[in-house]
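Everything below concerns the one structure shown next.
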There are 2 protein chains.
Amino acid sequence: MFYICSMLSYTEENYLKALLKLSFQNEDKPEAGTNEMAAYLGVKPATATDMLKKLKEKELVTYKKYGKILLTETGKQNGIAILRKHRLWETFLYEKLDFSWDEVHEVAEQLEHIQSAKLVDKLEEFLNFPEFDPHGDPIPKANGEIPTIDKVLLSELKENELCKVVAVKDTSTLFLQYLEKLRITIGTPIKVLERIDFDGSLSIQIAGEEARNVSMKFAESLFVKR
Amino acid sequence: MFYICSMLSYTEENYLKALLKLSFQNEDKPEAGTNEMAAYLGVKPATATDMLKKLKEKELVTYKKYGKILLTETGKQNGIAILRKHRLWETFLYEKLDFSWDEVHEVAEQLEHIQSAKLVDKLEEFLNFPEFDPHGDPIPKANGEIPTIDKVLLSELKENELCKVVAVKDTSTLFLQYLEKLRITIGTPIKVLERIDFDGSLSIQIAGEEARNVSMKFAESLFVKR
DNA sequence: TATAAAAGTTAGACTAGTCTAACAAATATA
DNA sequence: TATATTTGTTAGACTAGTCTAACTTTTATA
Ligand SMILES: [Mn+2]
Ligand SMILES: [Mn+2]
Ligand SMILES: [Mn+2]
Ligand SMILES: [Mn+2]
C-alpha cells in the first residue's frame, strides 16, 4: 500500500484522524471547516489553519483559502490506519486487560501513535481479527476496508419493535457509565414498549427486565439492529 | 508513592532513563557526565546541558556547573518506572505477539512512554508478574524494587565449568541474531571446554552439541549463572 | 607547573506546535 | 442590497527541544 506514509508526527496523525472522523460525521458531505476541525481537536482556529497548510503541502488534504477541507486518498488511508490502531488497542485493553469501555479511549489515544507495522498486525492476530471495538465501532482491516453493519438509532424504532444493541453513538464516560448502570452492553436485547410523543422519550424493556423510561437524548445515542 | 511525578515529557523521561542506565553501567560511581549522557541519547552536549538545567529545576537530578550528574531519589524512582514499563512491554511483545528478542526494544522505546498507571499494572498481571524481560534483565516491581540474580560473564568461567545463560549484556541486533543462529537463548546450558589464552576466546559446548569457538568479545557479552 | 586535550557551557538560531489580537472573506439577515 | 455575524487567515510571540560555533573550566601530560 503506497498510501501509508510513515513520517507523520503525532500531531499530524491526530489532524488526519479528526478529519476522517468528521467526514464520517457529516455523512453526505465529507468536507470539514477550519473551526469545526479546531473545535474537534481542542485547538484554536489559527492553529488549525497552520497545520492545514502543512498537510496540504504533503498532499494529505485538498484545500484552498477560505474553502472546505477534504482528505486526499493518501490522507484518508493514513487516517484509517490510525483509526485501525486506535480500535485494535481499545479492543486489547477491553478484552485482555479488563479495562471498562469508558476507560479504553484515553489510553488508545496514546497507543494509536506507536509506529510499528508488525505490532498492529500481530495485535490484530492476537485478538483474533476482531471486526468491532468495545463501542461497536468497526475496526478497519489492514487493507483499509471498514466493515459495515446495518444499524439504526434506538430512537428510530416503532412501538413493539425488538432489537439488539450494536454500538454507541456517544462514547462519553457519562453515557457509558449510565449504560453500565442499566446493564446495557453490546448485544443486549431491547424492546420498545412505548413512544412518548410529548418529549421523544421511550419506555423500553432491557433484556426482559421491567419497563424503564429513557430520554430522547438517550435514544439518539444508541445504535441497534432490528 | 509520592515519587512518581506524571508531568514529565517524553524527552525528560528519556533523559531520566538514560541517567538510570548509566548509573547501573558505572557500577561503583553512579554519576554521569554531560558528554556521556549526550552520547547515550544521541544528542549534542549542548542539548544535554540545557535539559540538565531543567531536570535540576524539577529536582530530578543534582548537578552543578562542570560537575557530575546524579539522580535524586525522585529522579531515580521516575527512571525506574520507565524502565519497568519498557521491560514489561518487551516481555509482552516477546511472549504474546511473537516478536523476536532483537525486535522488541525499538517498539518498547515508544511504548514505555504511554501514561496510564492502570495499564502498566494490568499488563504486569496479564503477563503473570514476570521477573525478567526477554534479554534476562530484571523487571522493576510496582514499588520500585528491582529483582536481582547472581550472574557472571561467560568470560569469567574456568575450564570445565558448567552454566546456564541468564541474560545478555549486549542487546544489539547483531549479537542477538548471532545468538539465535547458535541456538542460544535464556536458559541454554553451556559448558566451557577450553580457554584460549592467546586471544581470550573460548571453546564451548552449547546444550550438549559439538564444540564451538567463541571470541572474547562474545564471552564478555553474555551473562551466565554457574 | 605550563600547556594541551577533554569536558562542559553559553549564545544565538531553527523547527514544530501552539497562542492572541487584528484583520479579511464569506454568509446570513434585515 | 447593506449590514451584521460567522468563519477563516495573518502577523507576531512563546515554549520545548534541538543544533553549531565560540568560549570556559577541568583534567591529563610533558
Ligand atoms: Mn476511542
Ligand atoms: Mn471505540
Ligand atoms: Mn530494551
Ligand atoms: Mn530488555
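In what follows, every chain begins at residue 1, and chains take the letters A, B, ... in the order their sequences are listed.
The distance from atom OH of Y63(A) to atom C1' of dT9(D) is 7 Å, rounded to the nearest whole Å. Taking atom CD of residue E36(A) and atom C1' of nucleotide dA26(C), one finds them 16 Å apart after rounding to whole Å. What separates NE2 of H113(A) from P of dA16(C) is a distance of 18 Å, to the nearest Å. Rounded to whole angstrom, the span from the CD1 atom of I69(B) across to the P atom of dG8(C) amounts to 7 Å. Distance, Y10(A) OH to dT18(C) P: 11 Å, rounded to whole Å. Atom-to-atom, CG of N35(B) to C1' of dA5(C) comes out at 13 Å; the value is rounded to the nearest Å. To the nearest angstrom, C1' of dG8(D) lies 14 Å from NZ of K64(A). When rounded to the nearest whole Å, the span between NZ of K56(A) and P of dG8(D) equals 15 Å.
Sequence neighbours left out, the pairs with a member in residues 108-117 of chain B that pass salt bridge (Lys or Arg N to Asp or Glu O under 4.0 Å) are K17(B)-E109(B), K17(B)-E112(B).
Applying the 4.0 Å criterion to OP1 and OP2 of dA16(D), one finds that T11(B) has every side-chain N and O outside that range. Listed pair K53(B) / dT9(C) fails the phosphate criterion, with no side-chain N or O lying under 4.0 Å from OP1 or OP2. Side-chain nitrogen and oxygen atoms of Y15(B) include at least one within less than 4.0 Å of the OP1 or OP2 phosphate oxygen of dT18(D). The shortest distance between the side-chain N/O atoms of K68(A) and the OP1/OP2 oxygens of dT7(D) is not below 4.0 Å.
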With 3.5 Å as the limit, what N/O pairs link the protein to nucleotides 24-27 of chain D?
{"from": "dT24(D)", "atom 1": "O2", "to": "Y66(B)", "atom 2": "OH", "distance (Å)": "3.4"}

Enumerate the protein-to-nucleotides 19-22 of chain C contacts in which both atoms are nitrogen or oxygen and the separation is below 3.5 Å.
{"from": "dC19(C)", "atom 1": "OP2", "to": "K44(A)", "atom 2": "N", "distance (Å)": "2.9"}
{"from": "dC19(C)", "atom 1": "OP2", "to": "T47(A)", "atom 2": "OG1", "distance (Å)": "2.6"}

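With L179(B) as the fixed residue, the side chain to side chain contact (heavy atoms under 4.5 Å, CB included) test singles out one of V168(B), V165(B), L174(B), T185(B): V168(B). Here the rule is side chain to side chain contact (heavy atoms under 4.5 Å, CB included) with L176(B), and of V104(B), I184(B), D102(B) only D102(B) fits it.
In this structure, E180(B) places its CD atom where more than 12 heavy-atom neighbours from other residues, nucleotides or ligands lie under 6.0 Å away. A 6.0 Å sphere centred on NZ of K96(B) holds more than 12 heavy atoms belonging to other residues, nucleotides or ligands.
Considering every non-hydrogen atom in both L127(A) and L88(A), the closest pair reads CD1-O, 3.4 Å. Considering every non-hydrogen atom in both L16(B) and L60(B), the closest pair reads CD2-CB, 4.0 Å.
In the set dG8(C), dT10(D), dT18(C), the nucleotide with an atom closest to the side chain of T49(A) is dT10(D).
Taking the centre of each ring, F92(B) and F99(B) stay at or above the 6.0 Å mark. The aromatic ring centroids of H105(A) and H135(A) lie 6.0 Å or more from each other.
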